[in-house]
Amino acid sequence: MGSKMNGQFSRRNFLRGAGAAASIGMLSYADLAFSDMAMAAGDVITSSDAASSDLAHDEVYWRSIAAQYDVTADIANLENGYWGIMARPVQAVYRQMNEMVNRDNTFYERANDSRDEDRIMVRLADFLGVMPDELMMTRGATESLQLLIGGYNKLSPGDGVLYADLDYPAMKNAMRWLQKARGVEVINIDLPEPASREGFIGAYREAFDAHPHIKLVLLTHLNNLTGTIHPIAEIAGLARERGIDIILDAAHSVGQVALEIAGLGCDFIGINLHKWVGAPIGSGLIYIRRGRVPDIDPAMDATPPSDNIHNLVHTGTSNFAGRLSIPAALEFHESIGAANKEARLRYLRTLWVDAVREVDNIEILTPDDPTMYAALTSFRIRGRVTTADNNAIAARLRDEFGILTVRRTGPAKGDCVRVTPSIYNSPDDVLKLADALRVIAG
Ligand SMILES: Cc1ncc(COP(=O)(O)O)c(C=O)c1O
């Protein structure tokens, strides 16, 4: 299990640290981004004491949040699964940091960058409930997960590795690549539809028992195809009993649902900050539980010690402005509150799902178990399972009804259409979708 944060790195201490640094003339740009954000957002984000479940349908509150986003009026955007729109105050910080980086050039970088990076890592560790030396910044979950899958060095020829139909396509390819690279047998399972906790846990148990040579499994926390949240802690327990390592794809769950990643029981995790945390595009993370870094190959020019997580990737010249804006994105996210955001997203999802329940040829691909869905939920019109069918449905929703969704390919039972509201969407947006679906499915 990953180590939990100790009090030393609580957010309050981070802020106190920033103040202390400022008073002795050491205020870093990471701190400035943070306090600019507080100023920019201070009078517009009203935190609420209401329970998340009550706040979820407080339209006055959510309109005040939506007002912090500039969103195209050309379409009702229900395709927020690709990346997240930055809130306006976060964009303001990003713009400022970009101007600073371009004005100060290496005068900034040579003097401040590593100190800023250290402070951002402390902030991120606090956010995720882990230690700073368990995290490394990347350009996104693809980079994180490909580094973990490609670099995992405990496989021997003849070992088994496992992935499922609902994993992300690029990561399935990476798992298949291991056959050539490490001489392993690649095993692929289809997860049951309709989805259920027991069904998912049972599918992994069966695969682990049928293939005792499995040493590594790729799991996805909240999959991008149907939107189902997988029972990771339970599957991780089964894996641990059998000595199987897990690489977890948490690209969609961090920020979409409130969680402490250490509680998932996975030692290697790939994370996105540009989907649901609202950081600039190009922001991702690798988490590796303390003590496990040597199990991932270092970059070719890494220098000892081998347990330094920063040895895993050599990005070279980075998007400094993007990184410096991460604290602002976290501040905006936490001003709303992770649990409140999750509750609102689930409310919007359930509004449209409930509104099409009586349409009997629409299949909803996330179950109603509230532990198994958040914003993202796909549907299929019964019998329409090809890519062409589902491209046509998404095109009709866009062209005839002004609603943006996307076709997804990957579930064993066929293609589907993915619907992903974000916190700036209104109930009207999702109810408009339900009306359109009644027409299309009818
Ligand atoms: C489940 C999942 N994993 C990984 C990724 C890759 O994320 P990125 O393209 O931001 O690197 C995505 C992107 O949509 C995803 O949905």
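These figures come from a predicted structure and were not determined experimentally.
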Is there a side-chain hydrogen bond (donor to acceptor under 3.5 Å, both in side chains) between His310 and Asn308 once you walk through the steps?
CA-CA 5 Å; His310 295 281; Asn308 180 355; 4.7 Å; no
Is the closest side-chain heavy-atom distance between Leu397 and Leu433 below 4.5 Å?
yes
Just to verify, what does Ala441 make a side-chain contact (heavy atoms from CB on, under 4.5 Å) with, not counting sequence neighbours?
Val359, Asn361, Ile362, Ile381
Less than 4.5 Å apart, any side-chain heavy atom of Val93 and any of Leu324?
no
Check whether any side-chain heavy atom of Leu128 lies under 4.5 Å from a side-chain heavy atom of Ile271, and answer yes or no.
yes
Stepwise, does the side-chain contact (heavy atoms from CB on, under 4.5 Å) test hold for Leu55 with Asn340?
CA-CA 7 Å; Leu55 194 64; Asn340 294 338; 3.5 Å; yes
Only one of Leu259, Ile269, Asp249 passes side-chain contact (heavy atoms from CB on, under 4.5 Å) with His221, and that residue is Leu259
Thr366 and Thr228: side-chain hydrogen bond (donor to acceptor under 3.5 Å, both in side chains), yes or no, with the steps?
CA-CA 5 Å; Thr366 53; Thr228 305; 5.7 Å; no
Show me the pairs that pass salt bridge (Lys or Arg N to Asp or Glu O under 4.0 Å) and involve residues 371-380, at least two apart or across chains.
Glu193-Arg380, Glu363-Arg380
Side-chain contact, heavy-atom cut-off 4.5 Å: Leu365 with Phe379?
no
Applying side-chain contact (heavy atoms from CB on, under 4.5 Å), run through Met171 and Tyr163 and close with a yes or a no.
CA-CA 9 Å; Met171 305 321 148; Tyr163 70 86; over 6 Å; no
For Asp389 against Gly383, the heavy-atom pair lying closest together
OD2-O, 4.1 Å
For Val417 and Ser378, what are the C-alpha separation, side-chain angles and deciding distance, and is it a side-chain contact (heavy atoms from CB on, under 4.5 Å)?
CA-CA 5 Å; Val417 174; Ser378 298; over 6 Å; no
Using modelled atom types only, decide if a donor and an acceptor are shared between the side chain of Ser144 and the backbone of Leu285 within a distance under 3.5 Å.
yes
Before giving the answer on side-chain hydrogen bond (donor to acceptor under 3.5 Å, both in side chains), spell out for His252 and Asn223 the whole-Å C-alpha distance, their side-chain angles and the decisive distance to 0.1 Å.
CA-CA 7 Å; His252 261 295; Asn223 82 68; over 6 Å; no
Give a yes or no answer on whether the side chain of Arg396 reaches the backbone of Asn391 with a donor-acceptor pair at less than 3.5 Å.
no
Minimum-distance pair of heavy atoms, taken over all atoms of Leu404 and Ile75
N-CG1, 3.6 Å
Backbone N or O of Val184 within a donor-acceptor pair of the Asp159 side chain at under 3.5 Å?
no
Sequence-distant partners of Asp295, salt bridge (Lys or Arg N to Asp or Glu O under 4.0 Å), two or more places apart:
Arg292
If only atom types and distance count, is the side chain of Gln146 paired as donor or acceptor with the main-chain N or O of Glu143 below 3.5 Å?
no
Just to verify, what does His57 make a ring pair (Phe, Tyr, Trp, His ring centres under 6.0 Å) with, not counting sequence neighbours?
Tyr347
With sequence neighbours excluded, residues passing side-chain contact (heavy atoms from CB on, under 4.5 Å) with Asp415
Thr387, Asn390, Arg407, Thr409
Donor-acceptor check, side chain of Asp429 to backbone of Ser426, threshold 3.5 angstrom: yes or no?
yes
Quick check: does any side chain N or O of Asn80 sit under 3.5 Å from a backbone N or O of Pro421, one acting as donor and the other as acceptor?
no
Could you tell me if the side chain of Tyr152 sits less than 4.5 Å from the side chain of Asp297, heavy atoms only?
no
Please identify each residue that fulfils ring pair (Phe, Tyr, Trp, His ring centres under 6.0 Å) with Phe320, with sequence neighbours left out.
none
Do Arg290 and Asp307 come within less than 4.5 Å of each other through their side chains, counting heavy atoms only?
no
Lys341 meets the side-chain contact (heavy atoms from CB on, under 4.5 Å) criterion, sequence neighbours left out, with His333, Ile336, Leu345, Ile423
Can a donor-acceptor pair be found, under 3.5 Å and without considering hydrogens, that links the side chain of Ser283 to the backbone of Ala279?
no
Residue list, side chain to side chain donor-acceptor pair (under 3.5 Å) with Asp301, at least two apart or on another chain:
His314
Is there a donor-acceptor contact under 3.5 Å from the side chain of Asp435 to the main chain of Lys432?
no
Salt bridge (Lys or Arg N to Asp or Glu O under 4.0 Å) partners of residues 69-96, not counting sequence neighbours, each pair once
Asp70-Arg88, Glu79-Arg418
Could you pull out all residues at least two apart from Ala374 that satisfy side-chain contact (heavy atoms from CB on, under 4.5 Å)?
Leu222, Ile229, Gln256, Val257, Arg346
What residues form a ring pair (Phe, Tyr, Trp, His ring centres under 6.0 Å) with Tyr168, not counting sequence neighbours?
none
Below 3.5 Å, can you tabulate the donor-acceptor pairs from side chains in residues 199-216 to any protein atom, sequence neighbours excluded?
unit_1: Asp209; atom_1: OD1; unit_2: Arg242; atom_2: NE; d: 3.1
unit_1: Asp209; atom_1: OD1; unit_2: Arg242; atom_2: NH2; d: 2.9
unit_1: His213; atom_1: NE2; unit_2: Glu185; atom_2: OE1; d: 2.6

Step by step, would you call Asp369 with Thr371 a side-chain hydrogen bond (donor to acceptor under 3.5 Å, both in side chains)?
CA-CA 5 Å; Asp369 174 345; Thr371 65; 2.7 Å; yes
List the steps, then state whether side-chain contact (heavy atoms from CB on, under 4.5 Å) holds for Leu135 with Ile286.
CA-CA 6 Å; Leu135 293 177; Ile286 287 180; over 6 Å; no
Mark yes or no for whether Asn425, through its side chain, and Ser422, through its backbone, hold a donor-acceptor pair below 3.5 Å.
yes
side-chain contact (heavy atoms from CB on, under 4.5 Å) partner of Ile85, the single match among Val71, Thr72, Val90:
Val71
With a 4.5 Å cut-off on side-chain heavy atoms, are Val353 and Thr377 touching?
yes
Do the non-hydrogen side-chain atoms of Tyr373 and Pro367 ever get within less than 4.5 Å of each other?
no
